[in-house]
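Since the structure comes first, as C-alpha cells, the remarks are kept for the end.
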Amino acid sequence: MGYKGQIVVVLLLFFLCNAFAQPRSKGRKVMAKHQQPAVVEYFEPRAGAPMTVTADCTDSEVIVGISPDLLGIQKPVQPSDLSMGGCGVTSRAGAQTFVIKAPLQGCGSTVEMLGAVITYTFTLDYNPSPIDGLPIVRTNPAVVQIECQYNRLHNVSSNALNPTWVPYTSTISAEDILGFSLVIMSSDWSGPSPSNTFFLGDLINLQASVDSTNHVPLRVFVDSCVATPGSNASAPAYTFIGNNGCFLDSKLTGSNSQFVSPRVAQSVMQFQLDAFRFYGLTTSSIFITCHLKVTLASANVDPLNKDCSYNSALSQWSSVDGNNAVCSCCDTSCANPPPFRRGSGAPKHRPRRASEWRAPAEWQETISVGPLYLEQVSPLSSVSQSLSGQQDKASSGSQFQYSVLGAVVGVLAVSCVAVLFFAYRKAKGIVNTKK
C-alpha cells in the first residue's frame, strides 16, 4: 500500500471514530439546556406589591426564588410556611431570597401538552403559622402558580424503530381513563359562573360532564349530591340528590330544584339547585360534593342509572331521558326495586336489579365544588323601605296640598278685607256728602 493509501486509511479511521463518539439521545424530549424565565401568576396579589417570586426553568428542574417579603407588606414570611407540592425551601440565596429547586416531574407538578408547547405547572403555597406563643396571624395565605413552557420537538433515538400499532392492553387502559368535572355555571349556561356569591331565591346552575376521549359514547349521571357548610364531611349535611339520581330537594321542600331536560349532550348533565343556607350557623358558605358515574350511551336507563326530577304541580317524578318508569322507586329504595310484574303495558324485558351490574371504579368519581356564599335578602326590610318611601311621598304631597290651600285662604281673606275696606270708604263718603 502506498503512502497516499495509508493517509486515506488513517483519515477514514479518524472519521469513523469521531462519528461513533457523538452522544446519542435515548428517546427523551429535547429541551433547551439554558435557563429561561418561567411564567409566574399571582392569585389575587396585593395591589402595588412588587413581583416577589421569580423562577427559572432548566431542562430538568425549576429554580424558584421567593422574597421574604412575599406579600409586599413589609412582614417577612417564614421559610417553613412555604411549600411547592410538598417540597420545602432547599436553601437561601444570600440573605434575601428563599430557594426551592424542584424536578419538572416532581413536587406536585402537572403536565399539559397543547399544540407544540409542553407546560409544567407548579403551585407555590404560603400558609402562615401562628405567631410564637399567640393564637393569631398577621398575614393571609397566598398561592402563586408557576409554569415552565417548552417547545415540543420530535423525539430522537438511535434504537430500532418501534411498531406503529397500539397493543390491545394499552387501548383498554386508555379507554378506562375518564375525566369527570363539576362546574358552577353562569345564569345563561354560557360558561363558568364569574362569581361564587348567590342570594336566597336564586337558582344555582351546576353542570356535570365527562370527557370520553378515546372512548365510545358515554352518558353521565348525577348519582348523589351532598351539601355541607365546610369542605370536610362535617355535620350538618344535606343530601339534596340521592337514591341513585332522585332530586330529593324538590320533593322534600317543594323547591324549584330540577335536572335540566332535555340534555345538551349525553356526556353532560345540567341541574339547578334552589339556594339555601344552613339554619343556626353564622357561616354563609356551602360546599357541594357529588358522586358522578357513566354508562354506555347506547344502554337503557334503569333504577340504578337515571336522573329524575319531582314535579310538585303534578305530584310525580319524571326522567331526564324520557322513561319515567325508572323513577317509580324514588319514594322507596332504588337499590332494591320492587318485584317486576308483567302486564299489558309492561316492557318485555325485566329491569336490571341492583345486584346485576356495578359500574367499574374508573367509571365513577366523587367531585366537590365550593365554597359558595349565600347572602340573605330580607323581604321585611324591602317592604319597610317601600312603605317608608310611600309615606315620605304621601307626607310630601300632603304638605304641598296644605300649602296651596293656605295660600288660597290667605288670598281670599285679603280680598275680603279689601272689599270691606272700599265699601266702608264709599259709605262714609256718601254720608259726608249728605251733610
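Scope of the values below: all heavy atoms of this structure, side chains included, with no hydrogens, waters or symmetry mates. Computed from a predicted structure; not experimentally measured.
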Spacing of CD belonging to Gln149 relative to CG belonging to Asn151, to within rounding of 0.5 Å:
9.5 Å
Could you tell me if the side chain of Phe122 sits less than 4.5 Å from the side chain of Val64, heavy atoms only?
no
Kindly indicate, with the supporting measurements, whether the criterion side-chain contact (heavy atoms from CB on, under 4.5 Å) is fulfilled by Thr197 and Glu375.
CA-CA 7 Å; Thr197 300; Glu375 302 295 338; 3.7 Å; yes
Do the rings of Phe240 and Phe247 sit parallel, tilted or perpendicular, given the 30° and 60° boundaries?
tilted
To check you understand the geometry: which heavy-atom pair defines the closest contact between Cys148 and Tyr150, and what is its length?
CB-CE1, 3.7 Å
Spatial distance of atom CG (Asp321) from atom OG (Ser261) [nearest 0.5 Å]
8.0 Å
Before you tell me yes or no, could you show the steps for Cys330 and Cys308 under disulfide bond (SG atoms under 2.5 Å apart), namely the whole-Å CA-CA distance, both residues' side-chain angles and the distance that decides it to 0.1 Å?
CA-CA 8 Å; Cys330 282; Cys308 299; 4.3 Å; no
Could you tell me which non-hydrogen atom of Val326 sits nearest to which non-hydrogen atom of Asp302, and how far apart they are?
CG1-CA, 3.7 Å
Non-hydrogen atoms of Ser193 and Phe198 that approach each other most closely
OG-CZ, 4.3 Å
Kindly say whether Ser319 contributes a backbone atom to a donor-acceptor pair with the side chain of Asn324 at under 3.5 angstrom?
yes
SG proximity flag Cys107/Cys87, limit 2.5 angstrom:
yes
Donor-acceptor pair, Tyr120 side chain versus Ile146 backbone, under 3.5 Å?
no
Rounded distance [0.5 Å steps], CZ in Phe98 versus OG in Ser67
8.0 Å
Does any N or O in the side chain of Lys306 come within less than 3.5 Å of the main-chain N or O of Pro303, such that one atom is a donor and the other an acceptor?
yes
Which pairs would a plain distance check flag for residues 366-373, meaning a side-chain donor or acceptor within less than 3.5 Å of a matching protein atom at least two apart in sequence or in another chain?
| residue | atom | partner | partner atom | Å |
| --- | --- | --- | --- | --- |
| Thr366 | OG1 | His291 | ND1 | 3.1 |
| Ser368 | OG | Thr289 | OG1 | 2.7 |

Distance-only side-chain donor-acceptor flag, Asp249 / Ser257, under 3.5 Å:
yes
Begin with the C-alpha distance, continue with both residues' side-chain angles, and end with the deciding distance and a verdict on side-chain contact (heavy atoms from CB on, under 4.5 Å) for Leu218 and Leu296.
CA-CA 5 Å; Leu218 298 173; Leu296 296 177; 3.9 Å; yes
Tell me whether Arg263 contacts the main-chain N or O of Val268 through its side chain, where contact means a donor paired with an acceptor under 3.5 Å.
yes
Can you see which heavy atom on Val222 is nearest to which on Met269, and at what distance?
CG2-CG, 3.8 Å
Are the side chains of Trp317 and Asp331 in touch, meaning some heavy atoms are under 4.5 Å apart?
yes
What I'd like to find out is whether the side chain of Ser309 reaches to under 4.5 Å of the side chain of Phe271, using heavy atoms alone.
no
Residues that Glu61 engages under side chain to side chain donor-acceptor pair (under 3.5 Å), provided they are two or more places apart
none
Starting from the C-alpha separation in whole Å, work towards a yes-or-no answer on side-chain hydrogen bond (donor to acceptor under 3.5 Å, both in side chains) for Asp81 and Ser129.
CA-CA 7 Å; Asp81 296 337; Ser129 55; 3.1 Å; yes
Correct closest heavy-atom pair for Lys293 and Leu304 would be NZ-O, 2.6 Å
Under 6.0 Å from the ring centre and within 45 degrees of the ring axis: does the NZ or CZ of Arg277 meet both conditions for the six-membered ring of Tyr238?
no
I'd like to check Leu124 versus Val143 (side-chain heavy atoms, cut-off strictly below 4.5 Å). Are they in contact?
no
Answer yes or no: is there a donor N or O on one side and an acceptor on the other, between the side chain of Asn243 and the main chain of Cys329, under 3.5 Å?
yes
Donor-acceptor pair, side chain of Asp307 and main chain of Phe221, under 3.5 angstrom:
no
Answer yes or no: is the gap between the SG atoms of Cys327 and Cys246 smaller than 2.5 Å?
no
Could you measure the distance from the CZ atom of Phe259 to the CD1 atom of Ile241? Nearest 0.5 Å is fine.
4.0 Å
Once rounded to the nearest 0.5 Å, what's the spacing between atom CD of Glu147 and atom OG1 of Thr110?
8.5 Å
Checking the side chain of Thr90 only, and the main-chain atoms of Val99 only, is there a donor and an acceptor separated by less than 3.5 Å?
yes
Quick check: does any side chain N or O of Asn323 sit under 3.5 Å from a backbone N or O of Ala325, one acting as donor and the other as acceptor?
yes
Would you say that Leu273 contacts Leu206 through its side chain, given a criterion of any heavy-atom pair below 4.5 Å between the two side chains?
yes
Taking the side chain as everything from C-beta on, heavy atoms only, tell me whether Ser315 gets closer than 4.5 Å to Tyr310.
yes
Quick one, Pro236 and Leu281 - any side-chain contact, counting heavy atoms below 4.5 Å?
yes
Ignoring hydrogens and angles, tell me if any N or O in the side chain of Ser267 forms a donor-acceptor pair with the backbone of Arg219 under 3.5 Å.
no
Considering only heavy atoms from C-beta outward, does the side chain of Ile66 approach that of Leu82 to under 4.5 Å?
yes
Looking only at non-hydrogen atoms, find the nearest pair between Ile63 and Thr58 and report the distance.
CD1-CG2, 4.5 Å
Distance col, row Ser187:OG vs Gln272:CD, nearest 0.5 angstrom, shows 10.0 Å
Phe278: what forms a ring-ring contact (aromatic ring centres under 6.0 Å, His included) with it, not counting sequence neighbours?
Phe276
Using only atom types and a distance under 3.5 Å, with no angle test, would you say the side chain of Asn256 pairs donor to acceptor with the backbone of Asp274?
no
